[in-house]
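Below is one structure, written out as structure tokens, with a few remarks after it.
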Amino acid sequence: MSKSRLQPPRGTRDFYPEDLRRRDWLFGHFRAVARRFGFEEVDAPILEHEGLFTRKAGEEILEQLYRFELHDRRLALRPEMTPSIARMVIARAGSLRLPLRWFTVTQNWRYERMTRGRKREHYQWNMDIWGEPAVTAEAELIAAVFALLDAVGLARPDVRVRISSRALLEETLVQGTVLRDRPEAFPALCVAIDKFERIGEDGVRELLTDPDGSVGIGEADASFVVSWLGLRKLEDSAEHVPAGSPAYADLRRLFELLDAYGLADRVVFDASIVRGLAYYTGIVFEAFDAARSLRALCGGGRYDRLLESLGGPSIPAVGFGFGDVVILELLSDRERLPECPRRLDAVVFALGEAERPSAIRIATALRRERNWSVELVLGASRLKRVLADADRAGARFLYLLGPEEAARGEVLVRDLESGEQTTEPISD
RNA sequence: GUGGGCGUAGCUCAGUCGGUUAGAGCGCCAGGUUGUGGCCCUGGAGGUCGGGGGUUCAAUUCCCCUCGCUCACCCCA
């Protein structure tokens, strides 16, 4: 009882200094890449009104919502970032200059069963572009994903992005026979076929044809949808899609653009990618390790109607979420996790209490004037011990102040890497 | 939710076919004299062997229950 209370709840993590240094290393790359692409960072509360997340397309994400009621208010921990950002965009829609490039690095919560690469609390890097209807936005985002993968040291062939388009499927189904009479069933159909890899062909068929389900199409139509998921070449879809399909042209254009980014060999068309969230409307994509030994590293797509559905203006948008858990697993598998040792510029040590005021002045000056990270030895300690600790803390210099130095108005500066010792005058 | 694996020192783990004071490595602390680190040497602290119950002369070891961790499946990102 008392012992289990001392453990973090299941699916959550404590971050000790060494863990946090590694996390900062990863987040540092998230932020650096986003800034390199001209994105600005934003943040929002981890707590939102439950209603911001509730949609009706059978998405599993809603069953996994951490929700509670407090003083008659129904609240939830954010399971993903997009709705919060959408809320922020709506609030200032009138004054925002589009296209808008925003990114976040946030903690998100989903109550789900644990497996490798999946936790209940995780961090997610999010990049979104608001107000750009062209696939130039998708291309830029996918390029950012690869920039991150390069930055953290993953070999180029290690990760592949699979791309598809809900719009392509939607056009095909609505202008064809399958959903001609009920285009509103499309989001639910996407949620159903997103389960393809898990429940297989028969499972999807069952979901699609269930007369009491939210899709309810016929056997032949379900067969068409299932066969569609098997497409791995964009050209192969051509015979099914309507003539002059804008979605088809968009995909073609996206692959051309990605070629210009030098990413042609790292992206593939894959019709089985649809994503589990109901709000996607156009291009969707997911990144996987080439061996497919892990879950998706990231996923994203276009959601041109989300803002409207939340009661805001119509602003097209595209974005992705990139979790911290799977990438760290992959880096660990590939032995690409960096050491991230502790770093300190200096340790300042007064040999006796008489020298302490001077030591304090030295530490203060180093912190203030050189902006150094300085550890001041607080208690009485033997020099031997101080040196060993300074070494372990990754300190560059030891500032040693004893009676001899104090008498000369100096401080001894030992370079802990070279062992070289010099003196600096004490200036106050 | 189903099934497997595992819970022994702060960490990683050995071990006990049931039997004296339960071990190692790393880490931690102290020392190898007086103001010089990383190496080495010596010593030390630290464990109700996850918890409860049962079998037994005797349980960390066997059995049952329980809690926790973990992996896979299920399901989702």
Side-chain angles (χ1 to χ4, degrees), chain A residues 1-14 16 18-19 58-65 78-82 106 108-126 191-192 194-200 203 207 273-280 284-288 293-301 319-327 329 341 344 347 349-352 355 377 380-406 411-421:
Chain A
M1 175 62 159
S2 64
K3 192 160 185 180
S4 68
R5 271 178 192 223
L6 287 176
Q7 294 180 332
R10 190 177 183 155
T12 68
R13 293 165 287 175
D14 288 329
Y16 285 88
E18 58 274 23
D19 306 316
E59 294 163 286
E60 230 74 29
I61 194 172
L62 298 180
E63 291 160 27
Q64 301 172 337
L65 208 55
R78 62 184 175 208
E80 54 153 345
M81 209 49 203
T82 305
T106 61
N108 297 75
W109 294 85
R110 289 186 191 176
Y111 189 86
E112 67 180 313
R113 309 212 182 287
M114 309 263 308
T115 83
R116 178 159 148 90
R118 199 104 323 181
K119 305 200 175 295
R120 290 179 179 168
E121 159 266 305
H122 71 125
Y123 287 83
Q124 203 175 65
W125 172 43
N126 228 103
V191 170
D194 178 56
K195 301 180 169 133
F196 179 68
E197 289 223 337
R198 282 89 66 176
I199 63 181
L207 275 178
I273 301 293
V274 285
R275 313 275 306 140
L277 298 174
Y279 53 65
Y280 287 114
V284 285
F285 59 91
E286 292 183 356
F288 291 95
S293 57
L294 296 166
R295 291 158 184 284
L297 286 157
C298 79
F320 68 79
F322 191 120
D324 69 320
V325 181
V326 179
I327 183 71
E329 294 264 10
L344 219 47
V347 168
F349 177 46
L351 261 171
E355 291 82 38
V377 178
S381 186
R382 299 174 57 188
L383 177 57
K384 205 175 166 172
R385 179 58 192 268
V386 171
L387 275 162
D389 286 347
D391 198 49
R392 229 175 320 193
R396 181 76 212 281
F397 297 105
L398 174 72
Y399 277 65
L400 175 64
L401 195 67
E404 296 164 24
E405 289 80 13
V411 57
L412 184 72
V413 182
R414 182 179 173 86
D415 182 321
L416 293 170
E417 280 158 39
S418 66
E420 225 170 282
Q421 299 195 154

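The sequence lines fix the lettering, A, B, ..., with proteins before strands; numbering per chain opens at 1.
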For the pair made of [atom1] in [X] and [atom2] in [N], what is the distance, rounded to whole Å?
X	N	atom1	atom2	result
A:D19	B:C11	CG	C1'	12 Å
A:Y111	B:C74	OH	P	19 Å
A:Q124	B:C76	CD	P	17 Å
A:E80	B:C76	CD	P	15 Å
A:E18	B:U12	CD	C1'	14 Å
A:Y279	B:A77	OH	P	10 Å
A:K119	B:C71	NZ	P	7 Å
A:H122	B:C76	NE2	C1'	11 Å

With [X] via salt bridge (charged side-chain N to carboxylate O under 4.0 Å, His left out) - residues at least two apart:
X	value
A:R275	A:E286
A:D389	A:R385, A:R392
A:E121	A:R13
A:D391	none

Separation of the [atom1] atoms in [N] and [M], to the nearest angstrom:
N	M	atom1	value
B:C17	B:U60	P	15 Å
B:C67	B:G25	P	38 Å
B:U56	B:G44	C1'	38 Å
B:U20	B:C49	P	14 Å
B:U55	B:U61	P	15 Å
B:C13	B:C71	P	13 Å
B:C26	B:G19	C1'	32 Å

Per-nucleotide pairing state of RNA chain B [Watson-Crick or G-U, under 3.5 Å; [ ] pseudoknot-crossing; | other strand]: (((((((..((((.....[...)))).(((((.......))))).....(((((..]....))))))))))))....
Its contact letters, B for base, S for sugar-phosphate only and - for none at protein heavy atoms under 4.0 Å, make nucleotides 32-44 of chain B read B-SBBBB------
Can you tell me whether the side chain of A:R110 and the base of B:C76 have a donor-acceptor pair closer than 3.5 Å? no
For a quick test of reading the model, state the closest non-hydrogen atom pair linking A:F397 to A:D415 and the distance between them.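 That closest heavy-atom pairing would be CD2-CA, 3.7 Å.
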Residues two or more places apart in sequence or in another chain: which of them pass side-chain hydrogen bond (donor to acceptor under 3.5 Å, both in side chains) with [X]?
X	result
A:E420	none
A:Y280	none
A:E329	A:R116
A:Q421	A:R414

Between A:R275 and A:G11, name the one whose nearest nucleotide on RNA chain B is closer to the 5' end. A:G11
Can you sort out the partners of A:A390 under side chain to side chain contact (heavy atoms under 4.5 Å, CB included), two or more places apart, ordered by chain and number?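 Checked A:A390 against side chain to side chain contact (heavy atoms under 4.5 Å, CB included); matches are A:V347, A:A395, A:L416.
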Report which part of the nucleic acid A:R118 touches: base, sugar-phosphate, or nothing (heavy-atom distance under 4.0 Å, all strands). base
How about A:R120 and A:Q64: do any of their side-chain heavy atoms sit closer than 4.5 Å? no
Are the side chains of A:N108 and A:R78 in contact, using a 4.5 Å heavy-atom criterion? yes
Between atom OG1 of A:T106 and atom OH of A:Y123, what is the distance when rounded to the nearest 0.5 Å? 9.0 Å
Output a table of nitrogen or oxygen pairs between the protein and nucleotides 1-3 of chain B separated by less than 3.5 Å.
residue : atom : partner : partner atom : Å
B:G1    : N7   : A:R113  : NE           : 2.8
B:G1    : N7   : A:R113  : NH1          : 3.3

